[in-house]
Engineer: 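Pasting a structure here, questions to come.
Residue numbers count from 1 along this sequence.
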Amino acid sequence: MSYFGAMQNEIYNAGLQGILPEFPVDFATLEKRAHEALGPSLTNYVAGGCGDEHTQDSNSSAFHHWGMIPRMMVDAQERDLSIELFGMKLPTPLFMAPIGLTGEATQDKHGDIAAAQASAATGVPLCASTLANDSMEDVHSACGDTPGFFQLYTPRHKGLAESLIGRAEAAGYKALVVTLDTWVTGWRPRDLNASNFPQLRGKVLHNYFCDPVFRSLLEKPPEEDPKTAIMTWAATFGQVLTWDDMKWLKSVTKLPIVLKGICHPDDAKKAVDTGADGIYCSNHGGRQANGGIATIDLLEDVVQASGGVPVLFDSGIRSGTDVVKALALGATAVGVGRPYTYGLALGGAKGAEFVLRSILAEADLLMAVNGYPTLEAVRAAGAQRV
């Protein structure tokens, strides 16, 4: 049984000694302070979205038109937030969504390791991004006993793709999350106005630069000729995947395959029919395409179409309340992205851990007050459009 909500007692009791929380517990203050810490360039990349950012803003604001009805005279003194996922028993339904610039978020530029350390400290799995300043092997090691997932941006070079997948499996990751919506980057005005694309400046490319297949494509190693290495990365990034590629993906790994970017129920059905082990309902937080519908509004239909296959969810999660609503609408596990990245910016692993604990505490306390002792009770209660 979980008592994540006890975090508030820690804070209040510390206050009696004149000790205030080192980091904010609300997203608005967290975001403001993190933007100051990150500076304009990184803030634009981490906080920015596609087009006029309407879809990005809708992702978070849409949670406000979903509501839950509390149930009284229920003993919810003990809550169970654990889930079963890919044969694992996990203590919470929360996971850390893949963020492609996590490595740059901390002062030492090892934000990927710091995120993994926060995962180890909280038991919240990290979905490690292909784009990182540290190798996927080192990141996995830093996760300790907490299982992790590996997110793949599939390269155009099949040998390189298979090398990355094989490394992830050998490192011990428990699932392969294949991103489908980023074979080309969307129109991002904040980055375009500053002519800032971090990868073209050599940022977060370590998984490629240390890969034996990638290095075999170069006449000189990246350490000697970084410009050519960067341009080779750009030339190999972004394979367009079709349903026919599922047969290949299934043939090169024994890991559960999760398809990230599924928003249409027909795509969810097709994913299951072609062998996907998990559906990841996400619109990339509004960073890749503008003009879309808030992902939370699409979740129920995707869950229904998935026929019992686990559905992971992200886009717009800012609080524990958001997490519970997504679970009520059928998500198996819920990913948080920007909030933990902001925690990294303010305090490295310690900051990210505080943010994750805060989100879990709010979710736990909401379940307590609403009379939902288990996630089954949350799903039975559901959420209503208001």
Side-chain angles (χ1 to χ4, degrees), residues 1-13 25-28 58-85 88-95 97 122-125 265 268 279 281-282 293-336 339 355-386:
M1 293 296 175
S2 64
Y3 297 96
F4 299 107
M7 180 183 181
Q8 72 171 353
N9 298 333
E10 297 174 20
I11 293 173
Y12 288 139
N13 288 334
V25 300
D26 68 294
F27 180 75
S58 296
N59 275 334
S60 54
S61 64
F63 280 89
H64 297 154
H65 62 236
W66 289 97
M68 303 188 69
I69 301 175
R71 302 303 302 270
M72 297 295 104
M73 303 293 282
V74 176
D75 185 356
Q77 294 180 85
E78 296 182 347
R79 279 81 59 196
D80 184 0
L81 275 70
S82 65
I83 64 168
E84 298 277 348
L85 183 64
M88 299 177 291
K89 182 73 174 285
L90 301 175
T92 83
L94 194 66
F95 70 94
T122 60
V124 175
I279 305 299
C281 182
S282 167
I293 298 171
T295 315
I296 190 65
D297 292 340
L298 305 172
L299 177 58
E300 275 190 303
D301 289 341
V302 169
V303 170
Q304 185 173 2
S306 298
V309 169
V311 175
L312 283 64
F313 172 87
D314 77 18
S315 299
I317 297 293
R318 300 290 182 265
S319 67
T321 299
D322 294 343
V323 171
V324 175
K325 288 180 181 179
L327 294 168
L329 292 170
T332 306
V334 180
V336 59
V355 169
L356 294 172
R357 290 187 64 212
S358 296
I359 290 171
L360 288 170
E362 182 180 349
D364 186 31
L365 290 170
L366 175 63
M367 289 174 60
V369 173
N370 271 14
Y372 310 144
T374 64
L375 297 186
E376 289 74 19
V378 169
R379 295 189 176 103
Q384 296 187 22
R385 185 98 182 213
V386 295

Engineer: Start with the C-alpha gap between L312 and L85, add the side-chain angles, then the distance that decides, and say whether side-chain contact (heavy atoms from CB on, under 4.5 Å) holds.
Structural biologist: CA-CA 10 Å; L312 283 64; L85 183 64; 4.2 Å; yes

Engineer: Report yes if some heavy atom in the side chain of L81 is under 4.5 Å from a heavy atom in the side chain of M367; otherwise report no.
Structural biologist: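 In contact.
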
Engineer: Return the CG to OG1 distance between N59 and T295, rounded to the nearest 0.5 Å.
Structural biologist: 4.0 Å

Engineer: Can you list, pair by pair, the side-chain donor-acceptor contacts under 3.5 Å of residues 63-70, counting residues two or more places apart and other chains?
Structural biologist:
residue : atom : partner : partner atom : Å
H65     : NE2  : A62     : O            : 3.3
H65     : NE2  : D297    : OD1          : 2.9
H65     : NE2  : D297    : OD2          : 3.2
H65     : NE2  : R385    : NH2          : 3.4
W66     : NE1  : D297    : OD1          : 2.7

Engineer: Measuring only between side-chain heavy atoms, which start at C-beta, is F4 closer than 4.5 Å to I359?
Structural biologist: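 They are not in contact (no side-chain heavy atoms under 4.5 Å apart), so the answer is no.
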
Engineer: List the residues meeting ring pair (Phe, Tyr, Trp, His ring centres under 6.0 Å) with F95, not counting sequence neighbours, and say none if there are none.
Structural biologist: Y280

Engineer: Hey, what do you get for CD1 (I317) to CG (L94), rounding to the nearest 0.5 Å?
Structural biologist: 8.5 Å

Engineer: Not counting sequence neighbours, which residues clear side chain to side chain contact (heavy atoms under 4.5 Å, CB included) with E10? List them please.
Structural biologist: R357

Engineer: Could I get the full list of salt bridge (charged side-chain N to carboxylate O under 4.0 Å, His left out) partners for R379, not counting sequence neighbours?
Structural biologist: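 So R379 forms no salt bridge (charged side-chain N to carboxylate O under 4.0 Å, His left out) with any residue.
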
Engineer: Got a second to check how far L375's CG is from L327's CG, nearest 0.5 Å?
Structural biologist: 5.5 Å

Engineer: Tell me, which pairs form a salt bridge (Lys or Arg N to Asp or Glu O under 4.0 Å) where one or both residues lie in residues 313-322, sequence neighbours left out?
Structural biologist: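 Residue pairs with at least one partner in residues 313-322: there are none.
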
Engineer: Can you list the residues that meet the side-chain hydrogen bond (donor to acceptor under 3.5 Å, both in side chains) rule with S61, with sequence neighbours excluded?
Structural biologist: none

Engineer: Which value, rounded to the nearest 0.5 Å, describes the distance between I296 atom CD1 and S60 atom OG?
Structural biologist: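 The distance works out to 11.5 Å.
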
Engineer: Please report the shortest heavy-atom distance between I279 and S306, naming the atom on each side.
Structural biologist: CG1-OG, 3.5 Å

Engineer: Where is the tightest heavy-atom contact between I83 and A333, given as atom of each residue plus distance?
Structural biologist: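 Smallest interatomic distance, heavy atoms only, reads CD1-CB, 4.0 Å.
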
Engineer: Among all residues two or more places apart in sequence or in another chain, which pass the side-chain hydrogen bond (donor to acceptor under 3.5 Å, both in side chains) test with N9?
Structural biologist: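 Counting only residues at least two positions away or on another chain, N9 forms no side-chain hydrogen bond (donor to acceptor under 3.5 Å, both in side chains).
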
Engineer: Mind checking side chain to side chain contact (heavy atoms under 4.5 Å, CB included) for V74 and listing every partner two or more places apart, or none if nothing turns up?
Structural biologist: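 So V74 forms a side chain to side chain contact (heavy atoms under 4.5 Å, CB included) with R71, P373.
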
Engineer: CG of N13 to CD of Q8: how many Å apart, nearest 0.5 Å?
Structural biologist: 10.0 Å

Engineer: If the condition is side-chain hydrogen bond (donor to acceptor under 3.5 Å, both in side chains), which residues does T321 pass it with, not counting sequence neighbours?
Structural biologist: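 Testing T321 for side-chain hydrogen bond (donor to acceptor under 3.5 Å, both in side chains), a comparison that skips the adjacent residues, returns E362.
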
Engineer: Flag the pair I11 / V25 as yes when at least one side-chain heavy-atom distance between them is below 4.5 Å, and no otherwise.
Structural biologist: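 Answer yes - side chains close enough.
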
Engineer: Find out whether V336 and V323 are in side-chain contact, i.e. whether some heavy atom of one side chain is under 4.5 Å from a heavy atom of the other.
Structural biologist: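 V336 does not reach V323 side chain to side chain.
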
Engineer: Report the C-alpha separation of V124 and L360 in whole Å, then their side-chain angles, then the decisive distance to 0.1 Å, and conclude whether the side-chain contact (heavy atoms from CB on, under 4.5 Å) test is met.
Structural biologist: CA-CA 10 Å; V124 175; L360 288 170; 3.9 Å; yes

Engineer: Return the set of residues passing side chain to side chain contact (heavy atoms under 4.5 Å, CB included) with A368 (not counting sequence neighbours), or none when no residue passes.
Structural biologist: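 A368 satisfies side chain to side chain contact (heavy atoms under 4.5 Å, CB included) with R79 only.
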
Engineer: Do L329 and V303 have side-chain heavy atoms sitting under 4.5 Å apart?
Structural biologist: no

Engineer: Does N370 reach the main-chain N or O of Y372 with its side chain, forming a donor-acceptor pair under 3.5 Å?
Structural biologist: no

Engineer: For M73, does the CE atom have more than 12 heavy-atom neighbours from other residues, nucleotides or ligands under 6.0 Å away?
Structural biologist: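 No - once you tally the heavy atoms of other residues, nucleotides and ligands closer than 6.0 Å, there are 12 at most.
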
Engineer: Please enumerate all residues that pass side chain to side chain contact (heavy atoms under 4.5 Å, CB included) together with D75, with sequence neighbours excluded.
Structural biologist: Q77

Engineer: Listed by chain and number, what are the side-chain hydrogen bond (donor to acceptor under 3.5 Å, both in side chains) partners of S358, not counting sequence neighbours?
Structural biologist: none

Engineer: Answer yes or no: is there a side-chain heavy-atom contact under 4.5 Å between F27 and P339?
Structural biologist: yes

Engineer: May I ask you to test the Q304-P265 pair for a side-chain heavy-atom distance under 4.5 Å?
Structural biologist: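 No. Closest side-chain heavy atoms not under 4.5 Å.
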
